[in-house]
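As structure tokens, the structure follows; a few thoughts come after it.
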Amino acid sequence: MKKNRAWAVLVIVGMCCAGFICYQISVQRRQDHTPPTIFIPEGVLEISVKTERDALLADVTARDDKDGDVTNLLLVESVSDISSDHTAQVNYAAFDSAGNVSKKERTVHYTDYESPRFTLSQPLLFRSGSRFDVFDYVGAQDAIDGTLDDAVKGTLISADTSISELGVHEVQFRVTNSMGDTAYLIVPVEVYAAADYDATVDLTQPLVYLKTGDTFHAASYLDTFTYGTKQINLRSNAESVEITTDSDVNTNLPGYYSVSYTVRSGTNTGHTRLIVVVEE
């Protein structure tokens with residue numbers, strides 16, 4: 001009986017000691033309120049838009065006064081929206097074993113960044129009475145997100161009640177990428193009478209982006225003129241047809257412009273429109 005009592009006392013004492021040790025460790029952890037220090041090189045980080053998110057950690061380290069090197073517990077918490085000068089703020093967070101967290105940010109500059117650009121698969125001209133959806137022909141490409149066709153939105157900004165009405169309708173398209181950068185495109189959407197044109201005028205491209213000061217020659221974007229089974233190459237035989245060009249393009253001033261072309265050969269007439277965006 002005495003042996004059993006002695007054994008029980010030893011067990012109780014052992015449990016108390018173990019509990020006290022755990023309590024001491026817990027107290028020590030609770031008393032550690034100092035977060036790690038994050039070390040980031042000075043200056044703006046120059047990177048490419050193709051840089052992987054994890055690469056933003058390559059030259060960043062973290063150290064804790066009790067745990068030592070905690071770089072392995074360092075992460076990129078967030079990247080802000082991009083600004084007009086192609087910079088963004090990268091926010092870092094580092095942890096220690098006591099659960100303390102420190103945060104720090106740095107500025108990164110995307111050296112090869114471009115805002116989203118719109119694409120047109122064809123000029124936005126439609127025969128009156130036909131059924132069409134302009135979004136079938138408008139898309140967008142982005143340096144970071146790739147294809148953004150499904151993200152393109154549009155608003156009819158002219159006074160017309162319907163885009164299907166006969167006439168020229170002004171539409172603003174917009175698209176936003178994952179960096180919060182929104183690009184705009186204002187274009188005329190033309191609905192023409194069925195009897196107006198019996199020939200087709202094709203362009204080398206329906207939408208072109210230029211920089212301020214660039215040289216622009218409207219005729220250089222004409223490709224072919226087709227009526228019936230006959231086709232004329234407008235790049236080499238433009239003198240065989242009559243070409244009327246109406247352009248408001250001013251490459252000295254950023255903005256959205258259009259060029260209207262009407263091509264005639266005998267009694268056959270065709271029409272198309274080029275969209276020109278001038279950027280700074």
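The analysis underlying the following values was restricted to heavy atoms, covering all of them including side chains, and did not include hydrogens, waters or symmetry mates. Treat the numbers as computed from the prediction; the structure is a model and nothing was measured.
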Q) Does atom CD of Glu239 have more than 12 heavy-atom neighbours, drawn from other residues, nucleotides or ligands, at distances under 6.0 Å? A) yes
(Q) How about CG on Asp85, more than 12 heavy atoms from neighbouring residues, nucleotides or ligands closer than 6.0 Å, or not? (A) yes
Evaluate the side-chain proximity of [Y] to [X]: yes if any heavy-atom separation is below 4.5 Å, no if none is.
| X | Y | result |
| --- | --- | --- |
| Gln141 | Thr147 | yes |
| Glu280 | Lys211 | no |
| Ile40 | Ile38 | yes |
| Glu165 | Val191 | no |
| Ile275 | Tyr256 | no |
| Asp202 | Thr272 | no |
| Leu253 | Val278 | no |
| Leu234 | Thr224 | no |

Q.
Using modelled atom types and a 3.5 Å cut-off, is there a donor and acceptor pairing between side-chain atoms of Asn177 and backbone atoms of Asp181?
A.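 Checking the backbone N and O of Asp181 against the side chain of Asn177, a donor-acceptor pair under 3.5 Å is found.
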Salt bridge (charged side-chain N to carboxylate O under 4.0 Å, His left out) partners of [X], counting only residues at least two apart:
| X | value |
| --- | --- |
| Arg127 | none |
| Asp59 | Arg106 |
| Asp223 | Arg235 |
| Arg174 | none |

**Q.** His271 ring center within less than 6.0 Å of Tyr197 ring center
**A.** yes
Q | Ring centroid separation Tyr137 to Phe135 under 6.0 Å | A |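 Centroid distance Tyr137-Phe135: not below 6.0 Å, so no.
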**Q.** Ala183: side chain to side chain contact (heavy atoms under 4.5 Å, CB included) partners, not counting sequence neighbours
**A.** Pro116, Phe118, Val175
(Q) Using the rule side chain to side chain contact (heavy atoms under 4.5 Å, CB included), only one of Val168, Val189, Val259 pairs with Arg273; which is it? (A)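 Result for side chain to side chain contact (heavy atoms under 4.5 Å, CB included) with Arg273: Val168.
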Q) What class does the angle between the rings of Phe216 and Tyr221 fall in, given that below 30° is parallel, 30 to 60° is tilted and above 60° is perpendicular? A) parallel
Q: Could you label the plane-to-plane angle of the His109 and His86 rings as parallel, tilted or perpendicular, counting under 30° as parallel and over 60° as perpendicular?
A: parallel
Q) How about Ser265 and Glu242: does a side-chain donor come under 3.5 Å of a side-chain acceptor? A)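 On atom types as modelled, these side chains do not qualify, holding no pair under 3.5 Å.
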Can you hop from [X] to [Y] via hydrophobic side chains spaced under 4.5 Å?
| X | Y | answer |
| --- | --- | --- |
| Val277 | Val249 | no |
| Ile163 | Tyr192 | no |
| Val138 | Tyr184 | yes |

Q) When rounded to the nearest 0.5 angstrom, what distance separates CG in Leu74 from OG in Ser102? A) 8.0 Å
Q.
Holding to ring-ring contact (aromatic ring centres under 6.0 Å, His included), I want the full list of residues that pass it with Tyr261, two or more places apart in sequence or in another chain.
A. none
